[in-house]
Structures are given as structure tokens and as C-alpha cells.
Number of protein chains: 2
Amino acid sequence: MEKREFKHEVYGGIGQLTKALANPHRLEIIDLLAQGEKMVEAIATEIDVSIANASQHLQVLKQARLVTIRKQGHYMFYTLANADVFAVWQALRGLSISQLPDVEKVIRDYRTGQGALKGISLNVLIGKLERDEVILLDVRPAEEYRMGHIPNALSVPPGEWGQKLEGLPTGEEVIAYCRGPFCVFADEAVAYLKSKGYRAARLDEGFPDWKIRGLPVICG
Amino acid sequence: MEKREFKHEVYGGIGQLTKALANPHRLEIIDLLAQGEKMVEAIATEIDVSIANASQHLQVLKQARLVTIRKQGHYMFYTLANADVFAVWQALRGLSISQLPDVEKVIRDYRTGQGALKGISLNVLIGKLERDEVILLDVRPAEEYRMGHIPNALSVPPGEWGQKLEGLPTGEEVIAYCRGPFCVFADEAVAYLKSKGYRAARLDEGFPDWKIRGLPVICG
DNA sequence: CAATTATTCAATTAAACTATTGAATAATTG
DNA sequence: CAATTATTCAATAGTTTAATTGAATAATTG
């Protein structure tokens with residue numbers, strides 16, 4: 001094999017893979033599937049496109065081997081193909097925050113608009129959990145909590161804050177985590193908690209970031 | 001700002017960034033610029049396209065803030081904008097090796113075709129260097145060596161193996177490194193060294209992987 | 001077995017991307 | 001200042017991508 005032919009194969013292959021990622025909806029799908037498997041309709045609803053369109057995007061991701069399918073009845077459950085897919089998304093996310101002023105600004109504006117301000121990092125959370133200093137809330141939908149969450153996290157799904165937060169000790173610091181830095185459940189939860197007099201902050205990263213570090217995860 | 005508008009900004013921004021990466025030539029440029037700054041003509045020659053075409057691809061990368069320019073006379077030196085850009089490339093590279101059978105196969109075939117076989121990892125190299133067990137060769141072009149290399153590495157640029165390898169002690173193991181896993185300089189060097197009776201292997205990763213880990217680097 | 005439902009396929013149109021070509025800038029040299 | 005050189009710009013044509021629509025599969029339910 002010639003040297004140029006070799007390069008053509010290699011960079012061409014990675015180019016195709018990158019093209020499959022290079023679409024806002026598909027990136028949002030990747031971000032969503034990092035939480036665990038989802039079926040087509042749920043994905044379409046979540047990312048706000050027609051089912052046919054979501055299906056087409058999923059075909060593109062499938063063809064690029066970025067997602068895999070589990071079939072059950074006539075439901076198709078899509079998941080990320082492996083941890084490396086999330087690692088790429090994580091790197092892209094990081095690059096966008098460091099290099100795209102707009103993205104960084106939009107996030108900051110949105111958070112301050114919600115009264116949420118600065119979050120804490122995964123490393124800081126780990127320290128606080130070791131010293132047993134915080135109450136940890138998983139504010140993602142119940143189904144995502146069920147499929148995997150951080151040990152000792154309480155499930156407080158969106159829309160159920162009223163009931164679930166009864167009897168939470170007011171003295172202690174509360175930290176809410178959700179899907180990731182672009183997920184707004186945690187911002188909304190923190191805003192609500194603050195309005196109730198709690199000392200609250202969000203985790204900058206999300207559950208998948210915890211998981212990919214090899215930290216312990218509770219399922220079910 | 002509405003939730004959907006927020007998502008539109010964020011995923012849209014990352015989509016544009018990813019689109020700028022999603023081209024074989026541009027990925028090859030990223031891989032090349034990870035070695036250090038280069039001017040347009042050198043890039044065009046290296047990736048085997050016309051100068052006008054290379055310039056256009058560089059404009060795309062520049063607009064996406066993936067590269068920056070240093071102007072000197074009428075030479076334009078392009079470099080990666082920051083370490084996060086390399087981190088994305090590194091993640092994509094890793095994903096392609098784990099998920100694309102073709103890419104993995106092409107690399108394996110090419111290496112065994114060169115008689116080079118399996119390389120060693122950066123972690124293993126670090127151990128061997130600590131125990132002073134190996135002779136380390138930087139087999140990239142002299143200019144890239146000059147702009148930054150691993151401490152104690154000898155510069156043995158392509159085409160100068162005959163002269164440079166005189167007087168190398170034959171008993172010790174020799175490890176050659178180059179630009180990265182898709183760079184074939186190291187494979188060719190290892191094949192040559194083996195033909196001369198040396199015990200030789202290549203480093204799987206490249207110099208930028210060493211550098212991004214924060215390990216010491218010699219410039220000049 | 002017919003009706004329902006989740007998902008995919010096919011066809012269309014509008015938009016974006018790619019490589020090529022030759023001309024235009026702008027810094028340097030004689 | 002004219003000639004040279006490195007790089008960029010502009011226009012073009014061919015290809016690929018995206019969203020929409022409605023029809024086609026294929027599993028499930030009554």
C-alpha cells in the first residue's frame with residue numbers, strides 16, 4: 001500500500017466519522033444518549049424534530065457506528081456505541097467552551113438569568129462527598145436516574161420538586177446534577193432551591209462525566 | 001432566553017465547529033499542526049493539495065477558531081489555537097481506532113507490511129526512560145525536532161538514517177517516535193533498524209501526546 | 001386476520017461543501 | 001519602483017447534506 005493511499009484511508013475514515021457528528025441535532029442526540037438508551041420517539045420529542053427526521057439522523061449515526069440498537073417488540077432503543085464516543089463529545093464540548101465565546105456567553109447568561117451562577121466541578125464534588133458535606137440531588141427524569149446514578153443521590157425529577165424536597169435539612173449545602181453542562185434541569189432546580197432558602201449549587205459536568213471516570217454507579 | 005433558543009445556540013455552535021473539522025484534509029492539517037507551526041506552502045506539500053486549496057481549508061479552520069496565525073514577512077505561520085483542539089483530535093483518533101475496523105486494519109497491515117509490528121505505549125516508554133533502558137530516537141523532520149522534543153531524544157530525520165545511526169550501541173533497545181499513530185516515519189525507521197540488527201520498536205502515540213500530558217519538553 | 005403503532009424508507013427541493021482555476025493582495029528583493 | 005513570491009480571494013461546477021412529506025415495514029393488539 002502506498003503512503004498516500006494509507007493516509008487517504010485513515011483520514012478519510014475519520015472524516016466520515018466526524019461528518020456524522022457534524023450536525024446540531026445529532027450532537028444533541030449524542031449528548032442525550034450519553035444518559036442511557038432511548039427510543040426514537042423519546043429522542044424526537046426531546047430534541048424537537050419530527051420522528052422521521054430523528055430516525056434519519058439516527059440512521060446516520062448508526063451507519064457511522066456511533067450508536068447501536070437494541071430491539072424490543074417494535075421499539076428500537078438506541079445507545080452510544082462505546083465510551084470513546086462520549087469522550088469525543090466531551091472533548092468537543094470542552095473545546096467549544098474554551099474557544100467559542102458565544103457558547104460560553106450563552107451558558108453564563110442563561111445561568112445568571114436563572115439566578116444559578118457558577119457551578120462546582122466534579123473534583124470539588126468528590127471531595128465534598130468524601131467529607132459527607134453535601135446533599136446530592138439527581139434532577140434528571142426518573143427513568144435516567146433508574147438507569148444509573150451517583151451513589152447516595154436523591155432522585156428529584158423535573159416537576160416534582162415540591163413534593164420531593166419536603167423535609168430536606170435546610171442547614172446543609174445542596175448540590176444538583178443533571179445531564180451535563182448544557183442541561184438546564186440543574187439550573188432550574190438550583191434557582192428553586194435558592195428561592196426556598198437553601199444553599200445550593202449545580203455540578204458543572206453531568207452524570208456521564210462521573211461514569212466515564214470509572215467512579216461507582218448505582219443502577220436500578 | 002428560551003430553552004430551545006439556548007440549545008440552538010449551543011449545539012449550533014458546536015455543530016459549526018465540528019463541521020470545520022469534518023474533512024479529511026483538514027483533519028490531516030490538524031494532525032500536522034499538532035507538531036508546531038507551519039506555513040501554507042509546507043502544509044500544502046505535506047497533505048498533497050494545491051496551495052490555493054490548502055489556504056481555503058486553513059481559512060475554514062481559522063474561521064472556526066481552531067487555528068491561529070503568526071505573520072512574519074509574507075509568510076503566514078499557522079498553529080493549533082490551543083491544547084483543547086489537539087484533545088479533540090486525540091479523541092477522534094481514539095474513536096476511529098476503536099470503532100472503525102477499516103482504520104484499525106489499515107494501520108495494522110501497513111505496519112506489518114513494513115515489518116514494524118506492535119508498538120509500545122507512552123506509559124511503557126515513561127517507565128523505560130526512568131530506568132534508563134532505551135535509546136530514544138525522534139524520527140520527525142529536523143525542524144519539528146527543533147520546535148520541541150522529548151528530553152534525551154536523538155534527532156534522526158527521515159533520509160538521514162545512514163549517517164546518524166553510526167556508533168549506536170547495538171545491545172540496547174531502540175525506540176523511535178514521530179508525529180502520532182498515523183505517522184509512518186517511525187515504522188520506516190524501525191524497519192531499517194531491525195534490518196541492521198537492532199532491537200527496535202515504535203511508540204504508538206506521538207510527540208504531541210507526550211506534550212499534552214504535561215511531560216517535560218526541550219525546545220531548540 | 002384487521003387495525004394500530006413505532007419506526008424506517010423514498011422522493012423532493014433547497015442549501016452547503018469541495019476542488020479548480022485564474023486573478024488579486026501585499027511583503028520582499030533587485 | 002518593477003519584479004518576484006507567499007498567500008488569499010472570487011467564481012464556477014459537481015457533489016453532498018438537510019428537512020419535509022407521505023408511503024412502506026413490521027411488531028403488537030383486539
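Only heavy atoms go into these numbers, but all of them, side chains included; no hydrogens, no water, no symmetry mates. Throughout, a chain's letter reflects where its sequence line sits, starting with A, and its residues are numbered from 1.
Put simply, CE on Met39(B) is 16 Å from C1' on dA26(C), counting in whole angstrom units. Between the CG atom of Leu61(A) and the C1' atom of dT17(D) there is a distance of 14 Å, given to the nearest Å. Summarising the geometry, the separation between CG on Leu27(A) and P on dA18(D) is reported as 11 Å, rounded to the nearest angstrom. In this entry the distance linking OH of Tyr75(A) with P of dT7(C) reads 7 Å, nearest Å. One can place CD of Glu28(A) at 15 Å from P of dA18(D), the figure rounded to the nearest angstrom. Atom NZ of Lys62(A) is separated from atom P of dT7(C) by 13 Å (rounded to the nearest Å). For the pair Asn53(B) CG and dA10(D) P, the interatomic distance rounds to 17 Å; values are reported in whole Å. For the pair Ile43(A) CD1 and dT7(C) C1', the interatomic distance rounds to 11 Å; values are reported in whole Å.
Base pairing annotation: dT20(C) forms a Watson-Crick or G-U wobble pair with dA11(D), both donor-acceptor distances under 3.5 Å. In this structure, dT12(C) and dA19(D) make a Watson-Crick or G-U wobble pair, each of the two defining distances being under 3.5 angstrom. Base pairing of dA27(C) is made with dT4(D), judged by Watson-Crick or G-U wobble geometry with both donor-acceptor distances under 3.5 Å.
Using a 4.0 Å heavy-atom cutoff across all strands shown, Ala54(B) reaches no nucleic acid atom at all. Counting any heavy atom pair closer than 4.0 Å across all strands shown, Tyr78(A) reaches sugar-phosphate atoms only and no base atom.
Side-chain nitrogen and oxygen atoms of His57(A) include none within less than 4.0 Å of the OP1 or OP2 phosphate oxygen of dT17(D). Side-chain N/O atoms of Asn23(B) include none lying less than 4.0 angstrom from OP1 or OP2 on dC17(C). Applying the 4.0 Å criterion to OP1 and OP2 of dT8(D), one finds that Gln59(B) has a side-chain N or O inside that range. Neither OP1 nor OP2 of dT4(D) sits under 4.0 Å from any side-chain N or O of His74(B). Of the side-chain N and O atoms in Lys71(A), none sit less than 4.0 angstrom from OP1 or OP2 of dT7(C).
When the shell of 6.0 Å around CG of Asn152(A) is examined, it contains 12 or fewer heavy atoms from other residues, nucleotides or ligands. More than 12 heavy atoms of other residues, nucleotides or ligands sit less than 6.0 Å from atom CD of Glu160(A).
Listed nucleotides: dT7(D), dT7(C), dT18(C). Nearest to the side chain of Arg26(B): dT18(C). Taking every side-chain heavy atom of Ile51(B) into account, dT8(D) is the closest of dT8(D), dA6(D), dT8(C).
For the pair Ser98(B) and Asp84(A), the tightest heavy-atom approach, listed with the atom from each and the gap, is OG-OD2, 2.8 Å.
In summary, of the residues considered (Leu137(A), Val190(A), Ile120(A), Leu193(A)), a side-chain contact (heavy atoms from CB on, under 4.5 Å) with Arg202(A) occurs for Val190(A) alone.
Judged by atom type and distance alone, Gln56(A) reaches the base of dT20(D) through a side-chain donor-acceptor pair under 3.5 Å.
No side-chain N or O of Asn23(A) forms a donor-acceptor pair with one of Tyr11(B) less than 3.5 Å apart.
Look at Glu144(B) and Arg179(B) and you find a salt bridge, because one of the NZ, NE, NH1 or NH2 atoms lies within 4.0 Å of a carboxylate O, short of that distance.
Where Lys19(A) and Leu58(A) each meet DNA chain C at their nearest nucleotide, the meeting point lying more 5' is that of Leu58(A).
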